[in-house]
Amino acid sequence: MDVILNTGSTVYQGAVIKGGNKFSEDYEREAAYCNISPEDFEALGRPWYVRVTNEYGDSVVVRARKTKTQQKGEIFIPRGIWANVVVTPETESTGSPRYKNLPVKIEKCDGPVLGPQELMKEYYLKGREGTRKYLDRNTAQAGH
(Lines give C-alpha, C1' and ligand atoms only; values in the text may rest on other atoms or scores of the structure.)
Protein backbone atom coordinates (compact mmCIF):
# COMPACT_ATOMS: atom_id res chain seq x y z
CA MET A 1 0.00 0.00 0.00
CA ASP A 2 1.40 3.41 -0.95
CA VAL A 3 1.19 5.94 1.88
CA ILE A 4 2.83 9.14 3.12
CA LEU A 5 5.17 8.91 6.12
CA ASN A 6 5.40 11.68 8.68
CA THR A 7 7.74 11.52 11.66
CA GLY A 8 8.07 13.61 14.78
CA SER A 9 8.79 13.49 18.47
CA THR A 10 6.25 12.40 21.03
CA VAL A 11 5.97 13.41 24.68
CA TYR A 12 6.56 9.87 25.96
CA GLN A 13 9.49 9.26 23.65
CA GLY A 14 11.06 12.54 24.77
CA ALA A 15 10.73 11.56 28.43
CA VAL A 16 12.55 8.27 27.80
CA ILE A 17 15.31 9.96 25.78
CA LYS A 18 15.88 12.67 28.40
CA GLY A 19 16.55 9.88 30.87
CA GLY A 20 19.35 8.59 28.62
CA ASN A 21 17.56 5.33 27.85
CA LYS A 22 17.80 4.99 24.06
CA PHE A 23 18.87 1.36 24.37
CA SER A 24 16.02 0.30 26.63
CA GLU A 25 12.77 -1.58 26.16
CA ASP A 26 10.96 1.65 27.09
CA TYR A 27 12.54 3.46 24.13
CA GLU A 28 11.68 0.62 21.76
CA ARG A 29 8.08 0.65 23.00
CA GLU A 30 7.86 4.44 22.48
CA ALA A 31 9.62 4.70 19.10
CA ALA A 32 9.28 1.41 17.18
CA TYR A 33 5.66 1.68 16.09
CA CYS A 34 3.59 3.01 13.22
CA ASN A 35 0.25 4.79 13.63
CA ILE A 36 -2.21 3.74 10.93
CA SER A 37 -5.75 4.96 10.21
CA PRO A 38 -8.59 2.49 10.91
CA GLU A 39 -9.36 2.20 7.16
CA ASP A 40 -5.75 1.45 6.19
CA PHE A 41 -5.36 -0.90 9.17
CA GLU A 42 -8.33 -2.95 7.94
CA ALA A 43 -7.10 -2.87 4.31
CA LEU A 44 -3.75 -4.26 5.49
CA GLY A 45 -5.48 -7.17 7.23
CA ARG A 46 -5.23 -5.96 10.83
CA PRO A 47 -1.47 -6.38 11.15
CA TRP A 48 0.52 -6.79 14.35
CA TYR A 49 3.64 -5.67 12.46
CA VAL A 50 4.27 -3.71 9.26
CA ARG A 51 7.26 -3.27 6.99
CA VAL A 52 7.78 0.31 5.80
CA THR A 53 9.91 0.70 2.67
CA ASN A 54 11.20 3.89 1.04
CA GLU A 55 11.84 4.52 -2.66
CA TYR A 56 15.45 3.27 -2.33
CA GLY A 57 14.40 -0.11 -0.95
CA ASP A 58 15.43 0.61 2.65
CA SER A 59 12.89 -0.93 5.02
CA VAL A 60 12.16 -1.33 8.70
CA VAL A 61 9.70 -3.46 10.66
CA VAL A 62 7.68 -1.76 13.39
CA ARG A 63 4.58 -2.54 15.46
CA ALA A 64 1.28 -1.46 13.90
CA ARG A 65 -1.07 0.79 15.90
CA LYS A 66 -4.56 1.57 14.70
CA THR A 67 -5.59 5.05 15.72
CA LYS A 68 -8.51 7.31 14.84
CA THR A 69 -6.17 10.31 14.93
CA GLN A 70 -4.26 9.13 11.85
CA GLN A 71 -5.52 10.17 8.41
CA LYS A 72 -6.18 7.58 5.72
CA GLY A 73 -3.22 7.27 3.35
CA GLU A 74 -0.71 8.58 5.91
CA ILE A 75 1.31 6.92 8.66
CA PHE A 76 3.29 8.27 11.59
CA ILE A 77 6.47 6.82 13.10
CA PRO A 78 8.11 8.62 16.03
CA ARG A 79 11.44 10.18 15.10
CA GLY A 80 14.22 7.80 16.11
CA ILE A 81 16.39 5.01 14.78
CA TRP A 82 13.45 3.04 13.33
CA ALA A 83 12.12 6.02 11.37
CA ASN A 84 15.63 7.04 10.36
CA VAL A 85 16.05 3.81 8.40
CA VAL A 86 13.43 4.96 5.89
CA VAL A 87 13.90 8.74 6.08
CA THR A 88 15.78 9.61 2.89
CA PRO A 89 18.90 11.78 2.71
CA GLU A 90 17.15 14.29 0.44
CA THR A 91 17.16 17.74 2.03
CA GLU A 92 15.59 19.86 -0.72
CA SER A 93 18.28 22.47 0.06
CA THR A 94 17.19 22.78 3.71
CA GLY A 95 20.07 20.85 5.27
CA SER A 96 17.56 18.59 7.06
CA PRO A 97 16.31 15.18 5.86
CA ARG A 98 12.71 14.70 4.79
CA TYR A 99 11.00 13.87 8.06
CA LYS A 100 7.59 14.76 6.64
CA ASN A 101 5.53 13.99 3.54
CA LEU A 102 7.73 11.08 2.45
CA PRO A 103 6.20 8.55 0.01
CA VAL A 104 6.67 4.98 1.29
CA LYS A 105 5.14 1.54 0.92
CA ILE A 106 3.67 -0.30 3.88
CA GLU A 107 2.82 -3.99 4.12
CA LYS A 108 1.75 -6.49 6.73
CA CYS A 109 4.57 -8.76 7.91
CA ASP A 110 5.37 -11.26 10.65
CA GLY A 111 8.02 -9.19 12.40
CA PRO A 112 10.17 -9.16 14.38
CA VAL A 113 10.87 -5.60 15.41
CA LEU A 114 14.62 -5.36 15.92
CA GLY A 115 15.83 -3.79 19.14
CA PRO A 116 18.06 -0.70 19.01
CA GLN A 117 21.37 -2.58 19.01
CA GLU A 118 20.21 -5.18 16.48
CA LEU A 119 18.78 -2.53 14.17
CA MET A 120 21.99 -0.52 14.26
CA LYS A 121 24.07 -3.61 13.48
CA GLU A 122 21.71 -4.71 10.70
CA TYR A 123 21.28 -1.39 8.96
CA TYR A 124 23.84 1.19 9.98
CA LEU A 125 26.88 -1.10 10.04
CA LYS A 126 26.27 -2.83 6.71
CA GLY A 127 28.39 -0.43 4.70
CA ARG A 128 26.11 2.57 4.22
CA GLU A 129 24.34 0.82 1.35
CA GLY A 130 21.47 3.32 1.42
CA THR A 131 23.83 6.24 0.89
CA ARG A 132 25.37 4.53 -2.14
CA LYS A 133 21.92 3.89 -3.63
CA TYR A 134 21.04 7.55 -3.18
CA LEU A 135 24.29 8.79 -4.71
CA ASP A 136 24.00 6.40 -7.65
CA ARG A 137 20.53 7.77 -8.35
CA ASN A 138 21.64 11.39 -8.04
CA THR A 139 24.97 11.26 -9.87
CA ALA A 140 25.42 15.03 -9.72
CA GLN A 141 26.10 14.63 -6.00
CA ALA A 142 28.25 11.51 -6.27
CA GLY A 143 31.53 13.45 -6.44
CA HIS A 144 30.88 15.52 -3.33
Side-chain angles (χ1 to χ4, degrees), residues 1-14 16-17 21-144:
M1 171 184 296
D2 293 328
V3 295
I4 298 296
L5 168 65
N6 290 303
T7 68
S9 298
T10 69
V11 173
Y12 301 115
Q13 175 196 15
V16 172
I17 291 171
N21 297 318
K22 277 194 171 183
F23 293 105
S24 68
E25 288 181 23
D26 288 340
Y27 183 65
E28 182 178 335
R29 184 175 41 258
E30 296 303 331
Y33 68 86
C34 174
N35 280 346
I36 306 170
S37 73
E39 298 89 354
D40 291 341
F41 187 82
E42 291 296 325
L44 287 166
R46 299 176 163 217
W48 284 97
Y49 303 100
V50 291
R51 179 181 324 302
V52 180
T53 306
N54 68 18
E55 63 186 305
Y56 301 103
D58 301 315
S59 66
V60 68
V61 174
V62 290
R63 290 182 328 279
R65 284 190 181 173
K66 177 177 80 170
T67 176
K68 293 178 183 177
T69 60
Q70 191 61 54
Q71 293 184 10
K72 183 178 185 220
E74 296 185 4
I75 60 172
F76 174 84
I77 299 175
R79 194 173 298 170
I81 62 173
W82 292 271
N84 286 345
V85 169
V86 292
V87 168
T88 64
E90 296 175 16
T91 66
E92 299 178 15
S93 300
T94 65
S96 181
R98 284 182 67 185
Y99 292 114
K100 309 273 189 234
N101 202 32
L102 184 66
V104 295
K105 293 190 181 300
I106 185 172
E107 62 187 329
K108 181 178 180 177
C109 69
D110 293 329
V113 173
L114 298 179
Q117 290 95 341
E118 294 82 15
L119 183 64
M120 291 174 74
K121 287 176 187 174
E122 174 74 22
Y123 183 77
Y124 295 107
L125 299 179
K126 70 178 184 180
R128 299 183 182 266
E129 184 178 323
T131 303
R132 283 198 301 271
K133 287 187 276 187
Y134 174 75
L135 292 176
D136 289 345
R137 182 170 170 201
N138 296 285
T139 55
Q141 296 183 17
H144 297 287

Self-check item: Side-chain donor or acceptor of K66 paired with backbone N/O of F41 under 3.5 Å
Solution: no
Taking every heavy atom of N54 against every heavy atom of V85, the minimum-distance pair comes out as ND2-O, 4.0 Å
In short, D58 meets V86 closest at the heavy-atom pair O-CG1, 3.5 Å
Between I36 and V50 the two heavy atoms that sit nearest each other are CD1-CG1, 4.0 Å
Sequence neighbours excluded, the answer for salt bridge (charged side-chain N to carboxylate O under 4.0 Å, His left out) partners of E42 is R46
Side chains of P78 and E30: closer than 4.5 Å at any heavy-atom pair?
no
Open item on the list: I'd like to know if the side chain of E74 and the backbone of Q71 have a donor-acceptor N/O pair within less than 3.5 Å.
Closed with: no
Whether the side chain of W82 engages the backbone of L114 through a donor-acceptor N/O pair (distance < 3.5 Å, no angle test) should be reported. yes
### Query
Got R51 and V60 here, is their nearest side-chain heavy-atom distance under 4.5 Å?
no
Taken to the nearest 0.5 Å, the spacing of E55 CD from T88 OG1 works out to 6.0 Å
For K72, the side-chain contact (heavy atoms from CB on, under 4.5 Å) test, sequence neighbours excluded, returns S37, E39, D40
**Q.** Distance under 6.0 Å and angle within 45° of ring axis: R63 vs Y33
**A.** no
message = Determine whether a donor-acceptor pair (N or O, by modelled atom type, separation under 3.5 Å) exists between the side chain of N35 and the backbone of Q70.
response = no
By side-chain contact (heavy atoms from CB on, under 4.5 Å), T7 pairs with (sequence neighbours left out) L5, R79, A83, V87, Y99
dist S59:OG -> I106:CD1 (nearest 0.5 Å) comes out at 12.0 Å
So CG of N84 and CD1 of I77: to nearest 0.5 Å the spacing works out to 10.0 Å
So CG of N6 and CG of N101: to nearest 0.5 Å the spacing works out to 6.5 Å
Here the pair of heavy atoms bringing V62 nearest to C34 is CG2-CB, 3.6 Å
ask   = Hey, mind stepping through M1 and L44 against side chain to side chain contact (heavy atoms under 4.5 Å, CB included) and telling me if it holds?
value = CA-CA 8 Å; M1 171 184 296; L44 287 166; 4.0 Å; yes
All heavy atoms of A64 vs all of P47, minimum pair found to be CB-O, 3.4 Å
